[in-house]
Amino acid sequence: MTELNARAAKLDAEDPLGYLRAEFDLDPAVVYLDGNSLGAPPRQVAGRVEEVVREQWGRRLIRSWPERWWVAPERVGEKIAPLVGAAPGQVVVADSTSVNVFKALVGAVRLAPGRREIVVDATTFPTDGYVAESAAELTGTMVVPAVVDELDDVLSERTAVVLLNQVDYKTGRLHDMAAATEKIHAAGARAVWDLCHSVGVLPIELDALGVDVAVGCTYKFLNGGPGSPAFIYVPHHLQAEFHQPLPGWGGHRDPFAMESSYAPAPGIARARAGTPDILSLLALDAALEVWDGVDMTAVRAKGLALTGFFIECVDELLGRAVEVVTPRGEWRGHQVSLRHHDASTLVAELTARDVIGDYRPPDVLRFGFAPLYVTYGDALRAARALADLLAERG
Ligand SMILES: Cc1ncc(COP(=O)(O)O)c(C=O)c1O
């Protein structure tokens, strides 16, 4: 036990990203391991939201639309672009992930004429599967579920699009984006990636890998706040042919001309639909400032080390009382999932002790390790709290 304490203290003292925790408004009494569901607030967000409400809205009133609000979706998209390996002009912030999955799938099917199947990761977060069914119905295609490791079994000349998650929401398993994208392209299909659990976690190279479309949320590891808008990436070379199914005025080439027929904007703005959610969008804008000067390689290194240390603590303190579901090697994101038949109650009891993770049915306890603010001490405290709980049950 004391050996683990000493290790945690040493790792925290030597952590090159340790200084970033002070940038977040966190209760020191709480161990927060749910940043893979809702990130913690960077300190500057509260003041910025107040400034937006009081000054931009309160004083400038509707003048703020042309002055700064209308172009905010593209401007904030440019802040996300380096985090996903995208050159400028290819990422826009708009709508929710679910809505963007819909735009992405229908738009991508239209980029693969004559092909009739949408392959979807069989263990995907439910919203992606639900939206894929609807996209298939509307485009006259069908959904084919697939195990990500066994794509070869389903890819064929019928495949239009493949929708995959880079990191599995339940197990934390990391998939090989380079290998899967290459296979999908070799089959002549389009690769659509959901980055919800990988953006802000590891270096992502969308341009370099030739990904066709990608979407992701901003309220997890990007700390944008509850319900902050999602993003969508479409590379320059596909934008002219990318016809998304929600042609609202926000994506029109000249929205304020009020033309009676739709003509898409020439660039990534065509992925927009309606009026942007300015308060949430500008909260996200402020939250993204914490990434200035942060090296994603260091973030990844710390995420692997933190999750690795937590697994070690679990092994030592809990033994076989729980099963570690997350891969122990490098193929994991920044979460650790543990299996226990009473996971739901355990998560509630941990929360009562100020250790916050979450539960995914039927039997998974999920702990997210956001490298910008989680410490090795937090990881040890969480494992110890769980071990204590189980020991008290006898
Ligand atoms: C992989 C994945 N996709 C999509 C979503 C959610 O979509 P939305 O932002 O529309 O709620 C989640 C939410 O946790 C998710 O984990």
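Note that ligands are numbered from 1 as they come in the structure, with each ligand's atoms numbered from 1 the same way. Owing to the predicted nature of the structure, the values given are computational and were not obtained by experimental measurement.
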| Which residue pairs satisfy the side chain to side chain donor-acceptor pair (under 3.5 Å) criterion with at least one member in residues 108-119, sequence neighbours excluded? | Glu117-Arg158
| task | Give a yes or no on whether the backbone of Ala240 and the side-chain of Arg270 come within a donor-acceptor separation of less than 3.5 Å. | result | yes
| request: Tell me yes or no: between the side chains of Thr124 and Asp194, is some donor less than 3.5 Å from an acceptor? | output: no
| query | Among all residues two or more places apart in sequence or in another chain, which pass the side chain to side chain contact (heavy atoms under 4.5 Å, CB included) test with Pro42? | reply | Phe24, Gln44, Val45, Asn223, Ala287, Val290
| request: Could you list all the side chain to side chain donor-acceptor pair (under 3.5 Å) pairs where at least one residue sits in residues 16-35, not counting sequence neighbours? | output: Arg21-Asp378
| task | Identify, chain by chain and in numerical order, each protein residue with a heavy atom under 4.0 Å from an atom of ligand 1. | result | Ser96, Thr97, Ser98, Phe125, Thr127, Asp128, Asn165, Asp194, Cys196, His197, Tyr219, Lys220
| query | To the nearest 0.5 Å, how far apart are CG in Leu238 and CG in Asp212? | reply | 5.5 Å
